[in-house]
Structure formats: C-alpha cells, structure tokens
Asker: 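I'd like to ask some things about the structure below.
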Amino acid sequence: MKSEFTPPIGKISNINGQCISLIGNDIDTDRIIPARFLKCVNFNSLGESVFEDDRKTLKGRHPFDLEENKNSSILIVNSNFGCGSSREHAPQALMRWGIKAIIGESFADIFYSNCIAIGIPCFTLPKKSIEEIQNYCDNQFLFLEIDLKKSFAKSKDLNLNLEIKESSRKMFLSGEWDATSTLLDNENLIENKFNQLPYIKFNSHYS
Amino acid sequence: MSQDTLFDKVWDLHKVSSLPGGSDQIFIGLHLIHEVTSPQAFGALKDKKLKVKFPDRTVATVDHIVPTDNQSRPFKDNLAEQMIETLEKNCLEHKIRFFNIGSGNQGIVHVVAPELGLTQPGMTIACGDSHTSTHGAFGSIAFGIGTSQVRDVLATQTLAMNKLKVRQIWCDNKLSKGVYAKDLVLHIINKLGVKAGVGFAYEFAGPAINELSMEERMTICNMSIEGGARCGYINPDEKTFSYIKNKLYAPKNEHWDRALRWWESLKSDENSIYDDVIKLDASKVEPTVTWGITPGQSISINQQIPLLDNLSPNDKLVAEEAYEYMSFKPGQLIKDTPVDVCFIGSCTNGRISDLRVAAKVLKGKKVSKNVKAFAVPGSEQVATEAKQEGLDQIFKDSGFQWREPGCSMCLAMNSDKLIGNQVSASSSNRNFKGRQGSPSGRTLLMSPAMVAAAAINGKVSDVREFIN
C-alpha cells in the first residue's frame with residue numbers, strides 16, 4: 001500500500017514498474033473488492049481492502065501481502081480477469097493499492113472499459129507468454145518499461161510485444177481516456193441525435 | 001462483422017460520432033441509476049462543474065443496500081443510510097425521477113424499469129450494474145457500465161464504446177416440464193464458457209426462446225454477463241408489446257400506435273449476418289445446478305461433479321480451486337447435497353412468475369427444519385401482486401420468511417448474509433467465492449422452483465419429483 005495516491009491525468013505513454021503476478025483464471029470483481037466495501041460514497045479508502053477475503057484466507061501469503069511486491073505497479077494476470085460485477089470499485093481499489101497497468105491473457109469487458117476510463121492500460125499476451133512472465137516473477141524481480149507508443153515492454157531479460165486495442169492505445173496517448181470532455185465536444189451532435197430518435201417523441205410523457 | 005441484426009440497427013441508430021481514437025460515441029436512451037455506483041459519478045460532475053444533460057432520461061431507485069427486514073428510516077446501518085441519503089440528495093438536486101422505498105415502485109432496478117414500461121424495444125439502456133443486460137429481453141441494447149461511465153452518461157447522455165460482435169444462440173425445440181429459463185441459461189453458459197461472450201453481444205433466438213414469457217426472457221438476458229457477454233437481447237414480438245402495453249410509462253393512445261409501428265419494424269433481418277452462430281436443443285436441458293465458483297461450473301441434477309480429467313485444460317485451474325472451496329469431491333453427485341440457506345429473489349429470479357412457480361412447489365409443504373429460507377420480492381409491485389394472489393401466505397405457511405424488496409443476499413450488501421461455510425441454494429446469478437456475504441460461504445445456483453424443492457427436502461433435489 002503506497003502512502004500517497006495521485007490519480008493519473010492527461011496523456012499516458014510510458015509506465016515503468018515492478019511486476020506483481022497473480023495466478024488464476026476468472027478472478028471476479030467480488031474477489032478484487034468484496035461487496036461490503038462498496039458501502040462508500042467515494043473511492044478513497046478502497047486500496048487497503050483490495051482482495052481482502054483472498055488475503056485473509058492466505059494469511060499473509062497472498063501476492064498483495066508479500067513484502068517483495070509492495071512497490072509493484074504492473075499486475076500480471078491470467079484469463080477473464082475482472083469478470084462479474086461492473087463495480088468500478090475493483091480497478092479503483094487496484095489503482096489505489098498502486099497498480100498502474102495490467103498485463104493478462106484476457107479481461108472481462110466491463111472491467112476493461114472501467115480500467116480505460118480511470119487510466120489503467122490493460123494489455124494482452126498469449127497464455128504461454130503470461131505463464132513465462134509469471135514463472136520469471138516467481139524467482140526474481142521483474143521491472144518492465146512499457147512504451148504505449150510502440151505497444152512494447154522490455155526488461156533486462158525480456159522483450160514483449162504487447163497487444164492492446166488500437167482505440168484504447170490512442171486514447172491513452174492523447175489523454176482522451178478521460179472521455180467526458182471529448183464527448184461534450186459533440187454537444188450539437190448529441191442534441192441532434194436526441195431530436196431524431198423516434199422513441200423520444202412517443203415517450204414525451206417522460207418529462 | 002455482423003450486419004442487419006437488431007444489434008447493428010440499434011447501434012447505428014444511436015451512433016452520434018466516430019471518436020478520434022476509433023471508438024463510437026453512442027447515445028444512451030435510458031439511464032438507470034442506484035445508490036452504489038452513482039455517488040462518485042455525481043461527485044465527479046461537481047468536480048468538473050458539469051450538469052446532468054438530460055435529467056428526464058435518467059431514472060433512479062434504491063436496491064443494493066436496502067434492508068429487507070426493517071426498512072424504517074434511518075436504516076440501522078449508518079453507511080447504508082448515508083448511501084440512500086446521498087442518492088436522495090443527488091436526485092433532488094439534479095431533478096432526476098427517483099422511486100424511493102414506499103413509493104410503490106421501488107425495487108431492483110432491473111425489475112422496476114421493465115414493470116414501469118420504461119424499458120422499450122430499440123432503446124440503448126445503460127446502468128452502473130452488470131445485470132443491465134436484462135433489458136435486452138425487450139429488444140433493447142442494454143449493458144452495464146462503471147462509475148466513470150455513469151458520470152459520462154449523466155454529463156453527456158453518451159458513451160465512448162467499441163461496437164460489439166454479435167453471436168446468435170439459437171435454441172431449438174422447447175424446455176421440458178420442470179425445466180425453466182434459469183436452467184437454460186445456466187446450460188448455455190456451461191456449454192460456451194464464462195468468457196466466450198467477451199467482445200460479443202448475444203442474440204438469443206429460436207423456438208425455445210419465442211416460447212418463453214417476458215419474465216423468462218429477462219432471466220436469460222440477465223445472465224448474458226455471466227457468460228462474458230456484456231449485452232444480451234431477444235428480438236421483440238407480440239409478447240413484448242403486450243407486456244409493455246398499459247404500463248405506467250408505456251406510450252399511450254396515438255403515441256402507442258406510433259411506437260408499435262416502429263417496434264414491429266425492429267428485428268434482425270432474416271438474412272442478417274452474425275459473427276458467430278451456436279445452436280442447441282432446449283429439450284435436452286435438465287434442471288441445472290452449479291457446483292463450483294463460476295456460473296459456468298454447472299451440471300444437471302442427476303450428474304456427477306466432473307472429474308478433472310474430463311475437463312479442458314483451460315477449465316482445470318478453476319475446477320481445482322472450486323473443489324477445494326466448495327469441499328466437493330470430483331465424481332460426487334450434486335443431488336442430495338445438504339443446504340443451510342434457501343434464497344428466492346434477485347434481478348434474475350425475483351419476479352412474480354418466479355414467486356408463483358416456487359409457491360406452487362411449496363404449497364401445503366414445510367421447509368426442512370435445518371434450513372433458513374427466505375423470499376425477497378424483486379420490487380414493491382411484485383410484493384403487492386404476490387400478496388394479492390396470496391403467495392406471501394403460502395411462503396410463510398411453508399416456513400419461508402417473507403421479506404421487503406431489494407437485492408438482498410444476491411450480493412449481501414445488507415444484513416442478509418451467509419454465515420461461515422454455509423451452503424446456499426440460491427435463485428440468484430453468481431456463485432463467486434464470498435459472493436453471498438461470507439468469505440467461505442458456498443452458493444449453488446438454480447431455478448426458483450429448484451430452490452423451493454431444496455428448501456422442503458433440506459438438500460438439493462429434483463423439482464420434477466414435486467410437480468405432476
């Protein structure tokens with residue numbers, strides 16, 4: 001758990017950091033942040049509760065509790081990470097713990113778009129490459145330098161061609177992952193669309 | 001790329017622009033909010049000094065945190081009280097229609113919007129809740145979003161999204177007696193896997209789907225997300241239109257005629273192109289129960305928990321985790337597994353037809369003395385209707401507790417929770433580790449009728465032995 005949290009802002013092109021490996025398929029957002037921690041009106045204190053139940057079960061042996069991982073910022077996961085509930089509290093909790101990027105075999109759709117919306121790039125690699133990285137992490141520290149411009153990551157031993165949706169990559173590089181203002185730029189088009197949609201008219205009693 | 005499916009048509013209709021990065025800006029016709037995923041979004045609006053763009057297009061209710069035993073205010077749980085107060089304040093400040101407790105229309109957001117006639121064909125619908133896919137049962141394109149996206153919808157009524165691919169899931173024949181929509185959707189998720197739907201919208205179609213009532217169709221679409229598909233839908237038909245007719249917010253008089261004409265034109269073309277098509281035989285589906293920690297880990301009532309060797313390499317890792325967490329042995333029968341708690345409710349199976357089916361099984365019978373059983377209607381309307389039909393009395397006479405509407409033990413954000421490693425027979429949608437409120441609690445997902453049967457016998461049972 002890092003002392004100072006500053007959310008990402010603006011263009012994101014490089015992320016350098018130590019990797020933390022979390023093994024398991026279909027790790028759902030209930031496990032990332034159990035529902036009882038959703039009783040909050042802001043996200044501020046979620047970092048300390050990330051994986052709370054899994055961590056308690058493993059009594060200090062969970063990757064998020066290991067001393068050697070405490071400064072990690074790049075999470076390495078397996079397939080369908082973040083499935084289940086749409087709670088943005090899950091990536092918010094990871095981010096507040098210190099995670100700045102995630103590399104995995106695959107991600108659940110809603111989790112993935114939540115990560116984009118808060119500035120956490122998610123990259124994919126084939127199963128075999130992920131397992132190699134996770135094995136590497138078992139034995140030694142892995143520091144990765146991620147370059148979003150080239151979708152490339154390197155360490156002293158590894159060179160990785162990361163995959164990321166082109167639209168997501170561009171949004172991080174331009175800063176448009178924080179989408180509200182980009183969307184509002186098209187205010188006239190939004191008004192036009194509102195006026196054109198058939199059901200707005202026959203549901204005028206809504207207002 | 002899919003072409004001329006309902007999904008393509010609704011998507012194209014709502015497309016506002018192509019964004020610089022390559023994703024689409026999509027107009028959201030109906031935005032639903034609740035107390036858990038909206039407060040931070042309103043906070044962000046304030047930080048960015050933005051207003052709600054179209055307050056009429058957002059509708060709120062309170063469901064996740066509400067207690068189901070005593071709903072008098074202030075709630076005993078201070079945090080829950082703070083959350084409902086925050087929603088009340090935000091709705092008042094931004095002039096958003098809010099169905100609060102006691103309004104007669106409060107309930108689980110995915111039960112409330114359809115029963116009020118807010119959910120209609122051809123709309124895009126978003127909500128900060130993954131089970132928003134439910135509304136696809138009406139031929140709308142509906143999906144769950146996170147809080148930052150809730151902020152974007154409030155501020156702009158639009159979202160930045162990549163278009164999904166479309167997979168048609170064609171269900172032939174029809175379900176046999178004692179087999180329900182829940183069994184069918186669990187079967188589909190088991191066959192396709194929990195991540196097959198990533199990047200896809202699911203179109204459910206075929207004779208077995210046409211045969212289903214609107215409430216059964218909602219059960220199917222509701223669980224699309226458990227198969228990885230953020231959006232699931234069914235082409236609208238006469239059943240859809242007659243369900244909507246005369247609902248509180250349904251179009252009226254000449255507006256109804258216009259709406260109907262438009263809705264009737266809304267469906268996937270006969271020669272539309274899908275990115276993928278899967279066919280299955282619904283008549284082969286049997287009462288289905290989950291045995292593991294993902295909704296894909298299910299078997300028919302008379303099957304054994306799968307052996308590791310019989311699973312694909314990709315499924316083995318989670319299966320091993322599941323055996324250990326659930327304390328099940330590979331090869332063990334699921335039938336006769338003792339249960340401690342029986343829960344009927346949720347956005348998957350908390351509607352009036354679910355309660356009717358369960359009540360039919362329970363009538364004249366008693367819940368096993370080892371079981372704590374409770375029924376939580378999905379909404380105030382459902383509760384009222386159930387009482388008018390005397391269903392509440394049937395539940396109570398059998399030994400079920402009859403509760404007030406809310407999400408309750410589906411995700412256990414209120415005080416309805418499993419204790420220790422209790423086993424729950426649940427009509428809800430997720431059997432994730434810890435989902436029902438105890439970090440070691442165990443959930444077996446099944447249809448409401450199967451939950452009723454389990455409650456009577458105190459163990460997992462075949463509901464077909466209860467019905468003639």
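Letters go in sequence order (proteins before strands), and every chain restarts at 1.
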Asker: Let me know if B:Thr86 has heavy atoms under 4.5 Å from chain A in its side chain, its backbone, both or neither.
Answerer: side chain

Asker: Mind ranking B:Lys53, B:Glu321, B:Gln157, B:Arg258 by heavy-atom pairs under 4.5 Å with chain A and telling me who comes out on top?
Answerer: B:Lys53

Asker: Based on non-hydrogen pairs under 4.5 Å, which of B:Gly144, B:Ala80, B:Gly43, B:Gly22 is most in contact with chain A?
Answerer: B:Gly144

Asker: With a 4.5 angstrom heavy-atom cut-off, is it the side chain or the backbone of B:Val198 that approaches chain A, or both, or neither?
Answerer: both

Asker: Looking at every non-hydrogen atom in both residues, tell me the closest pair between B:Thr443 and B:Asn431 and how far apart they are.
Answerer: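 So the minimum-distance heavy-atom pair works out to O-CB, 3.5 Å.
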
Asker: Please state whether the side chain, the backbone, both or neither of B:Arg151 comes within less than 4.5 Å of a heavy atom of chain A.
Answerer: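 Only the side chain of B:Arg151 comes within 4.5 Å of chain A.
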
Asker: Using non-hydrogen atoms only, which part of B:Leu164 is less than 4.5 Å away from chain A: side chain, backbone, both, or neither?
Answerer: side chain

Asker: I need the full list of salt bridge (Lys or Arg N to Asp or Glu O under 4.0 Å) pairs touching residues 7-22 of chain A, with sequence neighbours left out, sorted by first then second residue.
Answerer: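 Listed once each, the pairs would be none.
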
Asker: Sort B:Thr294 into side chain, backbone, both or neither according to what part of it lies under 4.5 angstrom from a heavy atom of chain A.
Answerer: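 Side chain of B:Thr294 only, per the 4.5 Å heavy-atom cut-off to chain A.
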
Asker: Which one of A:Ser79, A:Ser85, A:Pro91 has the most heavy-atom pairs closer than 4.5 Å to chain B?
Answerer: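 Of the options given, most contacts go to A:Ser85.
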
Asker: Aromatic ring centroids of A:Phe51 and A:His62 under 6.0 Å?
Answerer: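 Close enough - the centres of the two rings lie under 6.0 Å apart.
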
Asker: With chain A, which of B:Ile293, B:Asn162, B:Asn429 has the greatest number of heavy-atom pairs at distances under 4.5 Å?
Answerer: B:Asn162

Asker: Looking at B:Thr37, B:Val150, B:Leu317, which has the largest count of heavy-atom pairs under 4.5 Å with chain A?
Answerer: B:Leu317

Asker: For B:Phe432, is it the side chain, the backbone, both, or neither that has a heavy atom closer than 4.5 Å to a heavy atom of chain A?
Answerer: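 Contact with chain A involves both backbone and side-chain atoms of B:Phe432.
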
Asker: Can you establish whether the number of heavy atoms outside B:Lys316 located under 6.0 Å from its atom NZ is more than 12?
Answerer: yes

Asker: Counting only heavy atoms closer than 4.5 Å, note whether B:Phe200 contacts chain A via side chain, backbone, both or neither.
Answerer: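 Only the backbone of B:Phe200 comes within 4.5 Å of chain A.
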
Asker: B:Asp315, B:Leu411, B:Thr156: which one forms the most heavy-atom pairs within less than 4.5 Å of chain A?
Answerer: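 Counting heavy-atom pairs under 4.5 Å, the top option is B:Thr156.
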
Asker: Check each of A:Leu189, A:Asp185, A:Leu184 against A:Glu187 using the side-chain contact (heavy atoms from CB on, under 4.5 Å) test, and report the only one that passes.
Answerer: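 When side-chain contact (heavy atoms from CB on, under 4.5 Å) is applied between A:Glu187 and each of A:Leu189, A:Asp185, A:Leu184, only A:Leu184 qualifies.
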
Asker: Could you go through B:Asp77 and B:Asn414, starting from their C-alpha distance and side-chain angles, then the distance that decides it, and tell me whether this counts as side-chain contact (heavy atoms from CB on, under 4.5 Å)?
Answerer: CA-CA 8 Å; B:Asp77 179 345; B:Asn414 64 1; over 6 Å; no

Asker: Examine whether an atom of B:Ile145 lies under 4.5 Å from a heavy atom of chain A, and if so say whether it belongs to the side chain, the backbone or both; otherwise answer neither.
Answerer: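 Just its backbone gets close to chain A.
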
Asker: Please classify the contact between A:Leu197 and chain B as side chain, backbone, both or neither, with a heavy-atom cut-off of under 4.5 Å.
Answerer: side chain

Asker: Sub-3.5 Å donor-acceptor pair from the side chain of A:Asn25 to the main-chain atoms of B:Val318, do we have one?
Answerer: no

Asker: Does any heavy atom of chain B fall under 4.5 Å from the side chain of A:Asn114, the backbone, both, or neither of them?
Answerer: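 Interface part for A:Asn114: side chain.
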
Asker: With a 4.5 angstrom heavy-atom cut-off, is it the side chain or the backbone of B:Leu13 that approaches chain A, or both, or neither?
Answerer: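 Interface part for B:Leu13: both.
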
Asker: With no hydrogens and no angle check, is any side-chain donor or acceptor of A:Asp65 less than 3.5 Å from a backbone partner on A:Arg61?
Answerer: no

Asker: Which atoms of A:Lys56 come close to chain B, meaning under 4.5 Å heavy atom to heavy atom: side chain ones, backbone ones, both, or neither?
Answerer: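 Neither part.
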
Asker: Tell me, side chain or backbone of B:His14 under 4.5 Å from chain A's heavy atoms, or both, or neither?
Answerer: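 Contact with chain A involves both backbone and side-chain atoms of B:His14.
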
Asker: Flag the one option from A:Ile116, A:Asn186, A:Ile27 with the top tally of heavy-atom pairs under 4.5 Å to chain B.
Answerer: A:Asn186

Asker: Taking atom NZ of B:Lys95 as the centre, report whether more than 12 heavy atoms of other residues, nucleotides or ligands fall under 6.0 Å from it.
Answerer: no

Asker: Please list, chain by chain and in numerical order, all residues satisfying side-chain contact (heavy atoms from CB on, under 4.5 Å) with B:Thr132, sequence neighbours excluded.
Answerer: B:His110, B:Ile125, B:Cys127, B:Asp129, B:His135, B:Ala142

Asker: Whether A:Asp147 and A:Lys154 form a salt bridge (side-chain N of Lys/Arg under 4.0 Å from carboxylate O of Asp/Glu) is what I want to check.
Answerer: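 A salt bridge is absent here (no side-chain N lies under 4.0 Å from a carboxylate O).
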
Asker: Could you look at B:Glu254 and say if it's the side chain, the backbone, both or neither that has a heavy atom under 4.5 Å from chain A?
Answerer: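 Neither; nothing under 4.5 Å.
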
Asker: Should the pair A:Asp30-A:Arg87 be classified as a salt bridge under the 4.0 Å nitrogen-to-oxygen rule?
Answerer: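 Salt bridge flag = yes for A:Arg87 with A:Asp30.
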
Asker: Considering only heavy atoms and a distance below 4.5 Å, find which of A:Ser181, A:Ser174, A:Ala35, A:Ala90 pairs most often with chain B.
Answerer: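 Greatest number of close heavy-atom pairs with chain B: A:Ala35.
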
Asker: When you compare the side chain of B:Val36 with that of B:Met413, does any pair of heavy atoms fall below 4.5 Å?
Answerer: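 When only atoms from C-beta onward are counted, B:Val36 and B:Met413 do touch, with a gap below 4.5 Å.
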
Asker: Select, from A:Gln196, A:Arg36, A:His89, A:Lys193, the one with the greatest count of heavy-atom pairs under 4.5 Å involving chain B.
Answerer: A:Lys193

Asker: Would the distance check show the side chain of B:Tyr325 and the main-chain N or O of B:Gly441 forming a donor-acceptor pair, the cut-off being under 3.5 Å?
Answerer: yes

Asker: Atom NZ of residue position B:Lys417 - does it have more than 12 heavy atoms of other residues, nucleotides or ligands inside 6.0 Å?
Answerer: yes

Asker: Between B:Arg430, B:Gln82, B:Gln149, who has the most heavy-atom pairs with chain A when the cutoff is under 4.5 Å?
Answerer: B:Arg430

Asker: I'd like to know if A:Glu166 and A:Arg169 make a salt bridge, using a cut-off of under 4.0 Å between side-chain N and carboxylate O.
Answerer: yes

Asker: With chain B as the partner, which of A:Pro198, A:Ala117, A:Ala108, A:Ala179 has the greatest number of non-hydrogen pairs under 4.5 Å?
Answerer: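 Counting heavy-atom pairs under 4.5 Å, the top option is A:Pro198.
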
Asker: May I ask you to name which of A:Asp178, A:Thr182, A:Thr57, A:Asn192 has the most heavy-atom pairs under 4.5 Å with chain B?
Answerer: A:Asp178

Asker: Which of parallel (below 30°), tilted (30 to 60°) and perpendicular (above 60°) describes B:Trp263 and A:Phe202?
Answerer: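 Because their plane-to-plane angle is over 60°, the rings of B:Trp263 and A:Phe202 count as perpendicular.
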
Asker: Is B:Asn314 close to chain A through its backbone or its side chain, or both, or neither, when contacts mean heavy atoms under 4.5 Å?
Answerer: both

Asker: Using non-hydrogen atoms and a 4.5 Å limit, figure out which bit of A:Phe107 sits close to chain B: side chain, backbone, both or neither.
Answerer: backbone

Asker: What part of B:Ser438 gets closer than 4.5 Å to chain A, counting heavy atoms only: side chain, backbone, both or neither?
Answerer: neither

